Amino acid sequence: MLKDRLGFKSRTRYATVRPRGDASVQALDGERCPGCGNPFPDEDDARRLMVCPDCGYHFPLGVWDRIQLITDEDRFMELDADFISGDPLEFPGYMEKLDSARQQTGLKEAVVTGKGTIYGQEVILGAMDGRFMMGSMGLAVGEKIARAFEIARENRLPVVMFTASGGARMQEGMVSLMQMAKTSAAVERFSRSGLLYISVLTHPTTGGVTASFATLADIVLAEPGATIGFAGARVIEQTIRQKLPASFQKSEFLLEHGMIDAIVNREELKGFLYKLLRFHKGRER
Amino acid sequence: MTYTRPLEFEKDYLELRNKLEELKSLALQKNIDLGAEIEALEARVRVLQAERYNSLTAWQIYQMARHQERPFTLDYINAIFQDFIELHGDRCYADDPAVVGGLAWFDGIPVTVLGHQKGKDTKENLHRNFGMAHPEGYRKAYRLMEQAEKFGRPLICFIDTPGAYPGTGAEERGQAWAISRNLARMSSLRIPIITLVIGEGGSGGALALGVADRVLMLSYAVYSVISPYGCASILLNDAGRSEEMAEKLKMTATDLLNLGIIDEIIPEPLEGAHRDPQKTFRAVEERIRFHLRELIDRDPADLVEQRYQRLRKIGLQLS
């Protein structure tokens, strides 16, 4: 079953999903790259990475595609797969929205966590999916992330998190805000045990996720051209009554301002993570 | 005293109260007996008071929480603590006047106090950026938190902010990084932490002072993941429906006690903290004393563990 999920089938399913109102979420047959305007080619390599071969534009990657790209084949074991959110506020329309997100993505929640290996290095890994209610963090997402850090701490394993989120899930009100505190506290405990945490910020990572576990890593990486920030650009534009430049809150902007350690192309990401993991295994024997 | 800046729902009531006050001072000045008139008016005031304040909607409470005349952090600090010495600056970039902090005495115990600070008038609000902090505000708080831990001082935080400031400088200097570091560090501080939501608890910018052993909230304060306006704009594409969203977001003290987000409600005077600040200060002081006594001799490791478990529990019983 795990194989099915990681197999080609699930990828084709992703490629046919058409999220409303956001054409850039997934490159589709015959559609053009938002970076350079060229048609997205029907090449396996480009499809596997979801990176435009002409301009290097990084399309958001579905969570299972991400896991397949980063972890060794058949070595990923999902944790807490059935953990789903309730409706603590009985917020109008929330359950329907969750249902339609589930149907659209085939996921139960906006994050998948699990244990896997990266070129043989064992890690606890989490990947968020921006298509699932904007990757927003409610109780289930916060719980899965906190548990991932707790499990990693118990097993003395490093953690790698791929973030993609619009922030807290407002339909869960203050319960969702408290997930920022909970995940941050879980990282703090984990971190104080001397273990390694690497986060990879992908497009888009904003709001409550950026302001909690995403930025608490020992090493913070980002994919090229990702939007990363606290406040949304529209809110800032309304506040300062000015248009923001296109480069604002992009990975490159954050690197320049000293907020992230490195920008890594998707193609090189697995190798880069492997190198970082190896550094933390102690001296070579 | 005269009641100024009435909110929409309390206009008729406060007019009546002003009339009563006038009548009383007239009787006093002219030395005439208006006893019967005053008594009649007082009876009307009592009836109307109960009608106006006994079942406030979330939207009305939201207006109360943001009232310009409410006591702010420095008012509480000066009224409840002794010998407050304000400490400034984040040692990186600037001093952010939207966050205040420093040393003070409480019942003979040296403590560190911190809080968001709004302005009393337009001029002060411009200086304090309406209580919306930049990263340097959170970094000043971080510095004072670590200092409190170093010297074993309990930490008392006051939350009162519309949110972290959404601006270009704030983003360039890592607003998200500043907030997340506070959340993480507060969870491991080996000192008692009491947080009080005294007015507006706006999202992550509020939470950045909000990881605590006890979270207390005034009865007309609000605490929310997003403003009703923001929620209505994003979810409904109709900012005109803010009032409806204020209700749905469950942002009042009563809602949050039920949800297990806060530990206790501190009742305000019926007409709001700003109509009787002294009474409010005494109530807040008493609750800080109660909880501080309970926490102060705890083993630091237990404090940290229980603080973690407190966060771990939130929401789980609901689903």
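These figures come from a predicted structure and were not determined experimentally. No hydrogens, no waters, no symmetry mates; every other heavy atom, side chains included, goes into these values. Protein chains get the first letters and strands the later ones, always in sequence-line order, with residue 1 at the start of each.
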* **Contact origin within S224(B) toward chain A - heavy atom pairs under 4.5 Å** => backbone

* Structure fact -> Value for CG (L183(B)) from OG1 (T183(A)), rounded to nearest 0.5 Å, stands at 8.0 Å

* To do: Select one option (side chain, backbone, both, neither) describing which atoms of L249(B) are under 4.5 Å from chain A's heavy atoms.
  => both

* Please state whether the side chain, the backbone, both or neither of A214(A) comes within less than 4.5 Å of a heavy atom of chain B. => neither

* Count the heavy atoms belonging to other residues, nucleotides or ligands that lie under 6.0 Å from CG of N237(B), then report whether that count exceeds 12. => no

* Asked: chain B heavy atoms under 4.5 Å from R169(A): which part of the residue, side chain, backbone, both or neither?
  -> neither

* Structure fact -> Of A186(A), G208(A), A146(A), the largest count of non-hydrogen pairs under 4.5 angstrom with chain B goes to A186(A)

* **Heavy-atom donor-acceptor pair, K182(A) side chain to R312(B) backbone, under 3.5 Å** => no

* To do: Kindly give the heavy-atom pair with the smallest separation between V211(B) and A181(A), and that separation in Å.
  => CG2-CB, 3.9 Å

* To do: Give a yes-or-no answer on whether the side chains of S180(B) and S212(A) include a donor-acceptor pair shorter than 3.5 Å.
  => no

* **salt_bridge(E188(A), R181(B)) N-O dist < 4.0 Å** => no

* Structure fact -> Given A208(B), A170(B), G167(B), S233(B), the one with more heavy-atom pairs under 4.5 angstrom with chain A than any other is G167(B)

* Asked: Does any heavy atom of chain A fall under 4.5 Å from the side chain of M245(B), the backbone, both, or neither of them?
  -> side chain

* Most contacts with chain B, counted as non-hydrogen pairs under 4.5 angstrom, among F248(A), F213(A), F230(A), F91(A) -> F230(A)

* **Side chain / backbone / both / neither for Y308(B) at chain A, heavy atoms under 4.5 Å** => side chain

* Kindly compute the distance separating CE (M174(A)) from OG (S203(B)), expressed to the nearest 0.5 Å. => 8.5 Å

* **Contact winner vs chain A - M251(B), K250(B), R307(B), heavy-atom pairs under 4.5 Å** => K250(B)

* To do: Check whether E244(B) gets within reach of chain A through its side chain, its backbone, both or neither, counting any heavy atom under 4.5 Å.
  => neither

* Given K97(A) and L235(B), is the side-chain contact (heavy atoms from CB on, under 4.5 Å) satisfied, shown in steps? -> CA-CA 11 Å; K97(A) 258 190 193 162; L235(B) 276 190; 3.4 Å; yes

* Side-chain heavy-atom pair L207(B), M178(A) within 4.5 angstrom cut-off -> yes

* State whether the side chain of W177(B) and the backbone N or O of A211(A) hold a donor-acceptor pair below 3.5 Å, judged by distance alone. => no

* To do: Measure Q242(A) against the heavy atoms of chain B and call it side chain, backbone, both or neither at under 4.5 Å.
  => neither

* Structure fact -> Nearest heavy-atom approach of A176(B) to T215(A) is O-OG1, 3.9 Å

* Measuring from L216(A):CG to R185(B):CZ, what's the distance to the nearest 0.5 Å? -> 12.5 Å

* Is the CZ atom of R298(B) crowded by more than 12 outside heavy atoms at less than 6.0 Å? -> yes

* Audit row: E305(B), R189(A), side-chain contact (heavy atoms from CB on, under 4.5 Å) steps and yes/no -> CA-CA 10 Å; E305(B) 175 64 23; R189(A) 281 197 145 195; 2.2 Å; yes

* Can you name the nearest heavy-atom pair linking V225(B) to G173(A), along with the distance? -> CB-O, 3.5 Å

* To do: Please step through side-chain contact (heavy atoms from CB on, under 4.5 Å) for the pair S188(B) and R192(A), ending with a clear verdict.
  => CA-CA 9 Å; S188(B) 64; R192(A) 284 179 178 255; 3.5 Å; yes

* **Contacting moiety of L89(A), where chain B heavy atoms sit under 4.5 Å** => both

* Tell me, yes or no, whether the heavy-atom count around K248(B) atom NZ, taken from other residues, nucleotides or ligands under 6.0 Å, exceeds 12. => no

* To do: Considering non-hydrogen atoms only, spot the tightest contact between L311(B) and A185(A) and give its length.
  => CD1-CB, 3.8 Å

* Would you say E172(B)'s side chain and H257(A)'s backbone share a donor-acceptor pair under 3.5 angstrom? -> no

* For the candidates A164(B), P166(B), S187(B), which exhibits the highest count of non-hydrogen atom pairs separated by less than 4.5 Å from chain A? -> P166(B)

* Measure across L244(A) and T168(B) and return the closest heavy-atom pair with its distance rounded to 0.1 Å. => CD2-CG2, 3.4 Å

